[in-house]
Asker: 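Quick one: this structure, given as structure tokens, is what I'll be asking you about.
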Amino acid sequence: MKKTPDADHVDRILAQWRQERPDLDVEPMGIMGRLHRLATHLGREVEAVLLQHGLSSSAFDVLATLRRAGKPYRLSPGELLAMTMVSSGTMTNRIDQLEKAGFVERIANAEDRRSVLIALTDKGLSTVEDAVTAHVANQHRLLAAIGEKDKAEFNRLLKTFLAGIE
């Protein structure tokens with residue numbers, strides 16, 4: 001069984017607030033503070049691995065979305081928008097940058113000549129394959145301190161929390 005860590009930075013902040021404002025229940029501040037700190041640390045770790053493959057997290061998001069769509073690894077810009085939850089202007093910029101880098105190409109939509117599809121190039125497919133393999137290995141490394149049973153419970157709690165907000 002893993003030992004619970006000693007007091008952390010968040011505990012010290014909470015202790016200060018309890019001293020200064022004993023009338024406030026600051027327990028949620030601890031949860032939110034730890035989630036924020038985790039997101040910051042995890043974001044840095046994820047970005048570092050993706051940069052080793054020449055990708056930002058936003059570029060990886062688009063390439064991974066195309067990859068997980070399955071063969072022939074192409075989607076309409078609207079489908080990409082729906083799956084990545086960014087604005088159309090942001091998506092256009094991402095596609096432009098990925099096209100310049102040779103990771104994607106715009107191809108005519110055979111079902112609707114007025115529109116295009118965004119498709120992975122061979123370079124894009126190769127890059128995202130390598131990147132997603134490293135990304136998943138990195139995720140396993142980052143979660144290694146948590147036991148399997150705790151991971152399942154943590155995931156369940158996060159899912160419940162997210163559902164309550166979304």
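In this text the structure is predicted, and so the values were computed from the model without any measurement.
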Asker: Can you give me the closest heavy-atom contact between Ile95 and Arg106, atom names plus distance?
Answerer: CG2-NH2, 3.3 Å
Asker: Between Val46 and Phe60, does a side-chain contact (heavy atoms from CB on, under 4.5 Å) hold up when you go through it step by step?
Answerer: CA-CA 11 Å; Val46 166; Phe60 176 76; over 6 Å; no
Asker: Working note: Arg34 + Asp11, criterion side-chain contact (heavy atoms from CB on, under 4.5 Å); need CA distance, chi angles, decisive distance, verdict.
Answerer: CA-CA 10 Å; Arg34 286 187 180 92; Asp11 286 326; 2.7 Å; yes
Asker: For Asp122, is the CG atom crowded, meaning more than 12 foreign heavy atoms sit under 6.0 Å from it?
Answerer: no
Asker: Carefully, step by step, assess Phe103 and Leu63 under the rule side-chain contact (heavy atoms from CB on, under 4.5 Å).
Answerer: CA-CA 8 Å; Phe103 294 129; Leu63 297 180; 3.8 Å; yes
Asker: Would you say that Val128 contacts Leu66 through its side chain, given a criterion of any heavy-atom pair below 4.5 Å between the two side chains?
Answerer: no
Asker: Hydrophobic side-chain clustering at under 4.5 Å (ILVMFWY, transitive links): who's grouped with Ile107? Put none if nobody.
Answerer: Leu117
Asker: Could you give me the CA-CA distance, side-chain angles and deciding distance for Thr121 and Glu105, then say whether side chain to side chain donor-acceptor pair (under 3.5 Å) is met?
Answerer: CA-CA 6 Å; Thr121 61; Glu105 61 185 345; over 6 Å; no
Asker: Arg18 vs Asp23, test: salt bridge (charged side-chain N to carboxylate O under 4.0 Å, His left out). Steps then yes/no.
Answerer: CA-CA 8 Å; Arg18 287 182 182 118; Asp23 58 308; over 6 Å; no
Asker: Answer yes or no: are there more than 12 heavy-atom neighbours, outside Arg113 itself, under 6.0 Å from its atom CZ?
Answerer: no
Asker: Step by step, would you call Arg156 with Glu153 a salt bridge (charged side-chain N to carboxylate O under 4.0 Å, His left out)?
Answerer: CA-CA 5 Å; Arg156 186 192 68 75; Glu153 179 64 5; 2.7 Å; yes
Asker: Are any of the side-chain heavy atoms of Glu79 and Ile118 separated by less than 4.5 Å?
Answerer: no
Asker: Could you give me the CA-CA distance, side-chain angles and deciding distance for Thr84 and Asp61, then say whether side-chain contact (heavy atoms from CB on, under 4.5 Å) is met?
Answerer: CA-CA 7 Å; Thr84 58; Asp61 188 30; 3.5 Å; yes
Asker: Is there side-chain contact between Leu38 and His41, with at least one heavy-atom pair below 4.5 Å?
Answerer: no
Asker: Mind listing the closest non-hydrogen atom pair of Glu45 and Arg141 along with its distance?
Answerer: OE1-NH2, 2.6 Å
